Amino acid sequence: MNLFHKKLQILNTALCAAILFGTVTVTNTAFAESPSQVNDPLLHAMQQELDREKALMLPGMQRPYFIEYRLDDIHTYEAVANYGALTQEVANHQRIIRVTVRIGDYAVDSSSTRGDGTVELAPTDDNPLALQYALWTGTDAAYKNALRAFSAKQAALKQFQSAQAQPDFAQAKPVVQIAPLVTLDLDRNEWKRRIVEASGLYASDPDLRSFADDVQYSIANIRGIALNRYLVNTEGTVVREGYTGYNGAISVGGQAADGMRLSRDNGTVATTAKELESAAAFRKRYIDDLKTFEELRNAPVVSADDYHGPLLVSGDVAADIFTRLFIPNVEADRPEMGTTARTTGAYSSSYKSRVLPDLVSVTDNPLEAKFNGKALLGAYTIDDEGVPAQSVDIVVHGKLENFLIGREPIKDIATSNGHGRAAPAQAAHSRSGVLLIKADQPLSKEELNKRLLAMAKEQNKDVYAVETLGGELIPRILYRVKADGTRQLVRGAVFDELDNRSLRSGILALGNDPYVSNSLGVIPQTIIAPSMLFEEIGVKRATVEQQKLPYYAPPALPGK
Amino acid sequence: VEQPKPYFLSYAVADSDSIAMSAQFGAIVGANESRRRVADVQVRIGTAAQDNTHGDHRNSALTTVPLPLTDDGPALARSLWFATNRGYAKALDAYLKVKTDQQVRAKEEDGSPDFSTEKPATELLPSPPPLVVDRAAWQDRLRELSSLFKQYPDVFFNNVALEASTETDYFVSSEGAKVATPNHVARLVIVARTRAADGMDLFRAETFEADDVSHLPDQKTLTEKTIAMAKNLEALREAPVTEPFNGPAILSGRASAVFFHEVLGHRLEGQRQRGDDEGQTFTKLLGKQILPTFLSVSDDPTLATFDGVSLSGHYSYDDEGQPARRVDLIKDGVLDTFLMSRLPIASFSTSNGHGRSETGHMPTGRQGNLIVTSTKTVKDAELREMLKAEAKKQGKAYGLYFEDISSGFAVTTRRSPQAFQVIPLVVYRVYVDGRPDELVRGVSIVGTPQAALNRILATNDKQDIFNGICGAESGSIPVSAVAPAMLVSEIETQRQAQGTARPPILPPPGAAGTGGKGGR
């Protein structure tokens with residue numbers, strides 16, 4: 001009897017709270033759902049525990065002024081094929097909570113630049129009480145850590161002459177928004193078939209088979225993620241937002257006759273599996289990759305004499321260059337305590353100064369969900385600190401007008417512009433979403449090439465054009481271009497003096513061919529960049545030592 | 001210049017199916033299944049007397065690569081080619097370094113060869129049964145067990161995990177070995193943690209092992225064990241903190257099994273007897289008495305069960321393709337041999353079937369089923385009286401009873417103190433004046449290993465079994481230890497270093513009077 005009674009009571013409490021919760025949910029967003037779906041049991045449990053933890057205090061110590069719960073519900077899938085056979089298939093479902101507790105006040109609190117908080121495994125069952133248990137232990141540990149951190153920080157701040165100029169945490173309006181749940185939706189068997197087939201083409205395709213012995217590895221893989229993120233904080237923010245991302249990738253490689261390691265690594269990235277490229281296109285991608293790999297093997301090594309001159313880079317390459325040299329410097333990361341710098345990046349003292357040529361402007365707009373019909377992986381409406389995403393004009397006509405920032409203010413930028421973003425289970429940091437590079441008077445690809453050739457003629461030398469990079473700003477598909485337009489693929493080059501100065505004053509012209517680079521990293525991001533003509537970049541021979549060739553031949557192909 | 005050919009090649013392939021799931025606070029927190037085929041390719045260059053694995057370069061022989069999950073011959077062959085070629089390059093490089101090292105270093109204490117000569121085995125044992133786990137039913141069982149802790153609000157962390165795997169291990173070598181051997185295991189682990197008001201962290205762990213999930217204990221037994229564990233943790237929270245003590249003690253069978261595994265077993269691993277950094281505790285004690293004459297110790301991986309209980313350390317062939325065999329390490333107290341892989345030492349030049357490793361690691365001499373037997377046995381009640389008598393003789397008010405101890409990582413290198421790395425979890429004071437036994441917390445053992453081993457006075461008449469996962473240089477592998485309870489005349493203990501964090505400030509959610517009510 002007693003048991004039944006208790007159960008009823010619990011049910012009753014849950015119902016009441018659910019109804020209350022339903023009324024606070026705003027219905028003014030495009031994503032708003034019917035009330036029945038909004039009554040998310042996980043969000044409800046998170047709010048329940050958040051309410052309860054408001055009583056959290058050690059005698060004689062400060063109470064938290066801010067508590068945040070984030071739950072990442074992560075479904076992942078990955079399958080890998082090597083040499084035409086499946087070698088790995090893993091599906092995973094995990095829920096992780098991150099608890100942030102701040103002691104002090106918005107001006108000075110317990111936070112540090114690396115991000116604070118505790119991480120706990122949360123139940124994958126929809127069991128509200130078990131979730132509350134995990135939040136309870138996480139909050140307890142986070143509170144104790146914050147108390148320690150706060151007293152350490154106050155002691156550290158006493159060493160500095162001037163008081164901390166920027167507040168530790170920006171005020172933000174509470175937001176309530178519940179987006180529909182996302183799911184991992186991939187035809188696994190079909191994609192397994194595709195990666196198995198593709199990775200085996202080196203041996204089975206009549207065009208490729210002739211150089212199969214040069215292929216040391218041949219890998220194709222497919223991975224997908226569906227992440228639903230739940231966020232509540234003591235300011236009243238309640239957010240549920242998610243994303244999906246898929247990546248079908250190919251990696252083939254081997255060595256040139258002189259031992260130089262060469263590879264092709266690329267793939268198709270999209271927000272939904274439907275938008276990934278077709279089976280035929282994926283197959284063709286592999287074939288093209290293998291063919292260019294073989295061309296690279298047979299290509300001459302870049303000249304041993306240093307080159308300094310014009311370089312035409314594709315949109316793909318421009319996206320990589322900006323990802324490495326530009327984006328980290330406009331993401332506002334706070335410098336160490338006690339320093340007067342604005343940020344940690346190269347543009348720390350470049351606010352309102354020129355960082356790109358006059359003809360270039362850069363915007364980051366996470367609200368841009370599509371570009372030329374293509375869905376953008378970096379898009380979102382509310383950031384991971386519960387702040388609505390904003391379009392930010394970072395660079396206007398070459399001048400740095402703004403930084404991308406979350407809720408940790410820097411000098412001159414006091415509030416978040418909706419760019420506080422977090423990797424699964426990690427703290428939020430200032431990160432870009434959808435970064436778009438635009439030119440005032442873009443040129444067509446032909447015009448850009450014409451300008452490149454004109455420079456070759458003018459300077460009376462061969463010039464360079466690069467189609468793709470391989471990793472750390474190292475050219476992979478690089479052409480030596482003669483004034484008459486003929487191109488010669490070369491290998492073994494590195495760039496020299498490709499840096500922030502070349503971005504500031506070395507870009508002569510931009511193309512009208514925006515390339516959309518969706519990247520499925522721990523934080524999904526998109527960068528859209530056109531071709532660019534640089535006035536002077538160094539191209540020289542790489543000095544890496546060449547590895548030994550295989551000591552013995554690979555096993556004979558079947559039927560050979 | 002012609003490169004030297006490998007004088008030895010082996011492929012060890014683990015083809016496994018596994019399943020893992022765990023629950024906390026009454027709900028599943030993770031469930032995974034995986035199917036893997038992984039090859040460890042071993043390449044040796046030089047000669048058995050001196051090869052690329054010499055000294056610190058042992059891992060240079062090993063390259064690990066995933067293999068196709070389907071029986072695709074050409075893809076399998078090409079994967080192995082890729083790994084062998086990589087491995088050969090690595091081995092060549094290391095071999096050059098070994099030769100250079102030898103020219104500049106002083107003569108080694110132990111000039112044994114780097115690889116033993118063995119007869120290659122050829123046997124294809126039948127495949128293991130397929131992995132069958134009723135996932136839904138087991139998830140329910142785990143939920144139920146972990147939710148039992150809710151009745152004990154001070155136990156703020158718990159985890160109930162099930163792992164089951166079935167595996168075929170293939171081994172082929174250039175010497176002609178060709179072995180296929182099945183391995184299957186199921187394991188249920190219950191861990192719980194609490195914290196005393198003074199900040200001392202207290203935990204308990206119970207492990208249940210079987211060859212198959214269907215042979216794990218029934219839910220009733222597990223429920224009883226779980227509740228006992230939770231009650232014990234609550235009692236430990238309130239128990240008085242230990243005081244420094246140097247006197248007699250009884251180690252329960254389970255505690256003594258862990259003790260022998262850590263304190264003795266690890267130090268009898270062959271490779272610990274050679275190498276500049278090794279402790280070599282027992283190297284020079286071969287043929288000498290290191291235990292009382294009534295004790296003998298063997299390691300017998302060929303045993304699948306003991307008293308009807310599955311033994312985790314059972315295998316038919318070791319990870320170097322050598323047949324498992326019983327090894328009598330200590331006979332009537334006298335040290336007779338070591339646990340040998342194919343890495344020779346001054347006193348022994350061949351393997352005795354104990355070369356073990358986790359996939360991705362080089363095999364070394366490891367324990368399988370360590371079995372301690374005694375000829376001086378008494379009933380439990382008598383052993384207890386002997387403890388009291390010994391305490392009285394030494395002028396102590398009490399002796400100690402170690403009911404449960406947890407194994408730490410045995411540290412045997414010369415740079416670290418050779419203290420035993422065992423953590424007592426449940427210890428009682430047994431008073432000589434007839435007062436009831438008293439649970440104490442915070443006990444930690446100090447002293448040197450050999451000392452304790454020589455002070456064993458008697459044992460009880462029933463061996464107990466400890467199954468677990470043992471981690472060392474060659475990875476984590478399943479092991480068992482079997483031993484009777486033992487009475488030790490002198491064991492030195494002190495109060496353990498402890499945490500300073502307070503127990504959780506708020507009561508758990510759903511607890512009475514906190515206003516927080518969850519529920520399904």
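The figures that follow rest on heavy atoms only: side chains count, while hydrogens, waters and symmetry mates do not. Here is how names work: the chains are called A, B, and so on, in the same order as the sequence lines, proteins then strands, and each is numbered from 1. Everything numeric in this text was worked out from a predicted model, so none of it was measured.
Residue B:Lys178 places its NZ atom among 12 or fewer non-hydrogen atoms of other residues, nucleotides or ligands, all under 6.0 Å distant. By the neighbour-count criterion of 12 heavy atoms within 6.0 Å, atom CZ of B:Arg44 is densely surrounded, having more than that number from other residues, nucleotides or ligands.
Counting heavy-atom pairs under 4.5 Å between each of A:Val80, A:Leu135, A:Leu56 and chain B puts A:Leu56 at the top. Between chain B and the residues A:Asn92, A:Asp51, A:Leu58, the most heavy-atom pairs under 4.5 angstrom are made by A:Leu58. Most heavy-atom pairs under 4.5 Å with chain B: of the set A:Pro554, A:Gly84, A:Gly200, this distinction falls to A:Pro554. In terms of heavy-atom pairs under 4.5 angstrom with chain A, the leader among B:Ser147, B:Pro503, B:Pro66 is B:Pro503.
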Hey, mind stepping through A:Tyr83 and B:Phe82 against side chain to side chain contact (heavy atoms under 4.5 Å, CB included) and telling me if it holds? CA-CA 11 Å; A:Tyr83 308 120; B:Phe82 181 77; 3.4 Å; yes
Tell me, with the steps shown, if B:Arg35 and A:Gln88 meet side chain to side chain contact (heavy atoms under 4.5 Å, CB included). CA-CA 8 Å; B:Arg35 164 128 177 69; A:Gln88 191 190 317; over 6 Å; no
What verdict does the side chain to side chain contact (heavy atoms under 4.5 Å, CB included) test give for B:Phe157 and A:Glu120, after you've listed the backbone C-alpha separation in whole Å, the side-chain angles of each residue and the deciding distance to 0.1 Å? CA-CA 11 Å; B:Phe157 173 82; A:Glu120 303 273 340; 5.7 Å; no
For side chain to side chain contact (heavy atoms under 4.5 Å, CB included), just list the numbers for A:Leu129 and B:Lys150, CA-CA rounded to whole Å, side-chain angles, deciding distance to a tenth of an Å, and then say yes or no. CA-CA 10 Å; A:Leu129 185 59; B:Lys150 282 189 211 158; 3.8 Å; yes
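Taking each heavy atom of A:Trp136 and B:Pro504 in turn, the nearest pair found is CZ2-CB, 3.5 Å. Taking all atoms of both residues into account, the shortest heavy-atom contact from A:Thr137 to B:Phe156 is CG2-O, 3.4 Å. Across all non-hydrogen atoms, the minimal contact from B:Arg502 to A:Lys144 is O-NZ, 2.6 Å. Nearest heavy-atom pair, B:Pro509 versus A:Glu49, reported as atom, atom and distance to 0.1 Å: CB-OE1, 3.5 Å. Between A:Asp140 and B:Leu506, the closest heavy-atom pair is OD1-N, 4.5 Å.
Residue A:Ala122 touches chain B through its backbone alone, counting heavy-atom pairs closer than 4.5 Å. Of the atoms belonging to A:Ala141, not a single heavy atom falls under 4.5 Å from chain B. Contact of B:Arg78 with chain A is made through backbone and side chain together, with heavy-atom distances under 4.5 Å. With a 4.5 angstrom heavy-atom cutoff, A:Glu53 touches chain B via backbone and side-chain atoms both. Using a 4.5 Å cut-off between heavy atoms, A:Ala81 makes no contact with chain B at all.
Panel note: side chain B:Trp81, backbone A:Gln216; no donor-acceptor pair is recorded below 3.5 Å.
Side-chain contact between A:Met57 and B:Ile505 is absent, with no heavy atoms from C-beta onward closer than 4.5 Å.
Residue B:Ser79 holds its OG atom at 14.5 Å from OH of A:Tyr217, rounded to the nearest 0.5 Å. If you take CD on B:Glu33 and CD on A:Glu89, they are separated by 10.5 Å, rounding to the nearest 0.5 Å. How far OH of A:Tyr551 is from OG1 of B:Thr84: 13.5 Å, rounded to the nearest 0.5 Å.
Within residues 67-76 of chain B, the residues having any heavy atom closer than 4.5 Å to a heavy atom of chain A are B:Leu67, B:Pro68, B:Leu69, B:Thr70, B:Asp72, B:Pro74, B:Ala75, listed by residue number.
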Which atom pairs, one a donor and one an acceptor, fall under 3.5 Å between side chains of residues 18-32 of chain B and the rest of the protein, sequence neighbours left out?
unit_1	atom_1	unit_2	atom_2	d
B:Ser18	OG	B:Ser34	OG	3.4
B:Gln24	OE1	B:Asn159	ND2	3.1

